[in-house]
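Report on the structure given below.
Here is the naming used below: chain letters follow the sequence lines, and residue numbers restart at 1 for every chain.
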Protein chains: 2
Amino acid sequence: METHRTDTTGRILDVSERLFVEHGFEGTSLRMITQQAEVNLAAVNYHFGSKDALFDAVFIRRLGPLIADCLAELEQLKALARPGVSDLLMTFIRPCLSLSKDPARGGAMFVRLLSRTLVENHRDLRETVSQQYGVFVERYAEAFQRVLPDLDAVERDWRMHFAFGVMFNAFAGNDVLKIFTRSQIVSARDPDQIVKHLLPFVVSALQAGAPQ
Amino acid sequence: METHRTDTTGRILDVSERLFVEHGFEGTSLRMITQQAEVNLAAVNYHFGSKDALFDAVFIRRLGPLIADCLAELEQLKALARPGVSDLLMTFIRPCLSLSKDPARGGAMFVRLLSRTLVENHRDLRETVSQQYGVFVERYAEAFQRVLPDLDAVERDWRMHFAFGVMFNAFAGNDVLKIFTRSQIVSARDPDQIVKHLLPFVVSALQAGAPQ
DNA sequence: GTCTATACCGTGATAGAC
DNA sequence: GTCTATCACGGTATAGAC
């Protein structure tokens with residue numbers, strides 16, 4: 001790890017992150033990247049193998065620390081005598097908010113890119129991520145079991161699935177109703193505002209009675 | 001509207017729908033479409049203007065009837081003395097289930113394509129849709145007001161926003177946790193199974209107490 | 001090992017002949 | 001309306017310079 005930033009792969013990563021966030025994956029060409037990073041076109045394929053692999057590298061550089069933060073918060077949760085649904089959700093929400101406020105790690109725009117990548121069906125990323133970060137889902141499944149012990153296991157999995165779906169969707173800034181109306185339904189892009197409305201919604205959803 | 005199926009635009013639409021559903025938008029090339037539809041490559045741009053516009057045409061051909069069904073169900077809701085949150089949600093869910101079971105209208109795969117298109121940030125589709133189908137959101141906003149009269153207006157908008165987000169995400173078959181684990185969290189692809197778990201989740205979420 | 005120049009093939013789009 | 005030819009741009013592969 002060199003300290004000086006003449007490193008080719010580092011410049012490619014930094015420029016790629018900014019352009020992927022600004023223009024999305026399809027909207028960013030390798031020629032845009034290599035031009036702004038002042039490296040040769042072939043450098044990307046030499047160092048990363050492909051455009052897909054480059055995206056994975058950009059993505060995982062931020063995902064790793066985020067997941068580490070979440071798992072650390074989950075550990076602290078064990079110290080609580082009787083943690084509630086809200087406590088559990090905040091172990092995920094707090095690191096996301098923290099990341100969204102740290103421009104050095106990509107800031108709010110990167111959280112959007114990250115969430116959108118998860119919500120959409122992004123490429124082969126699964127292979128890389130599941131091996132390294134499968135523990136993320138395992139730990140949260142255990143925590144959900146502790147917080148919602150009376151719920152059927154299958155039903156609990158569905159709710160965890162739905163809950164992460166809403167939260168990632170919210171952080172992605174997606175608005176499925178947006179195409180139907182000229183004015184946005186919800187105006188706020190501020191993550192804190194989003195969480196304020198999001199949290200009671202998800203908490204109540206998770207505490208619903210069992211179906212049938 | 002010709003009855004015989006030698007019509008060029010009709011063949012393009014039918015083939016496009018199948019290929020978009022199978023391979024997605026980016027994964028479907030105009031050359032694949034024109035080859036299977038047995039028309040010339042330039043025919044697409046002549047009849048539709050662009051690949052984007054072709055997708056819009058395919059999309060709106062199914063969206064129109066679906067929205068009409070939902071609005072019809074909303075009208076019937078007015079006859080109920082005191083409709084509940086569940087009744088309201090079913091005016092949207094029933095037409096979606098119906099569409100997903102009708103292969104002649106694209107079936108379950110098309111519902112996934114439709115939901116994914118809404119969840120993702122698809123192109124200029126907004127211009128076309130908002131003018132014709134803006135009424136969809138207006139009517140549902142009114143219905144939410146009737147069913148949840150005690151809720152603050154802003155809070156109600158947020159919940160409607162979140163609620164449609166979960167539902168479209170569920171119908172899209174998206175699983176944000178999928179990339180973290182080899183085995184799917186939730187296995188069922190059957191729309192009825194999805195709704196069974198989805199409905200109580202969303203109903204409870206919408207009935208949450210106001211934040212702070 | 002690292003970087004460069006360049007060529008290859010598939011993509012969506014378009015002009016102009018018929 | 002239809003078709004052919006052609007264009008610019010995309011990701012990728014490779015030969016060869018340092």
* Please report, rounded to the nearest Å, how far the P atom of C:dG12 is from the CG atom of B:L19. =>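 So the two atoms are 12 Å apart, to the nearest Å.
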Using the test side-chain contact (heavy atoms from CB on, under 4.5 Å), find all partners of [X] that sit at least two apart in sequence or belong to another chain.
| X | value |
| --- | --- |
| B:L41 | B:L30, B:R31, B:T34 |
| B:A208 | A:S204, B:R159 |
| A:Q132 | A:I60, A:T128 |

* B/S/- contact track for nucleotides 2-18 of chain D, protein heavy atom under 4.0 Å -> BBB-----BBB-B----
* To do: If a pair satisfies ring pair (Phe, Tyr, Trp, His ring centres under 6.0 Å) and one of its residues is in residues 165-196 of chain A, list it, with sequence neighbours excluded.
  =>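 The answer is A:F92-A:F168, A:F180-B:F136.
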* Name all residues meeting the side-chain hydrogen bond (donor to acceptor under 3.5 Å, both in side chains) criterion together with A:R18; count only those two or more places apart in sequence or in a different chain, and write none if there are none. =>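 Once residues adjacent in sequence are excluded, the partners of A:R18 under the side-chain hydrogen bond (donor to acceptor under 3.5 Å, both in side chains) criterion are A:Q36.
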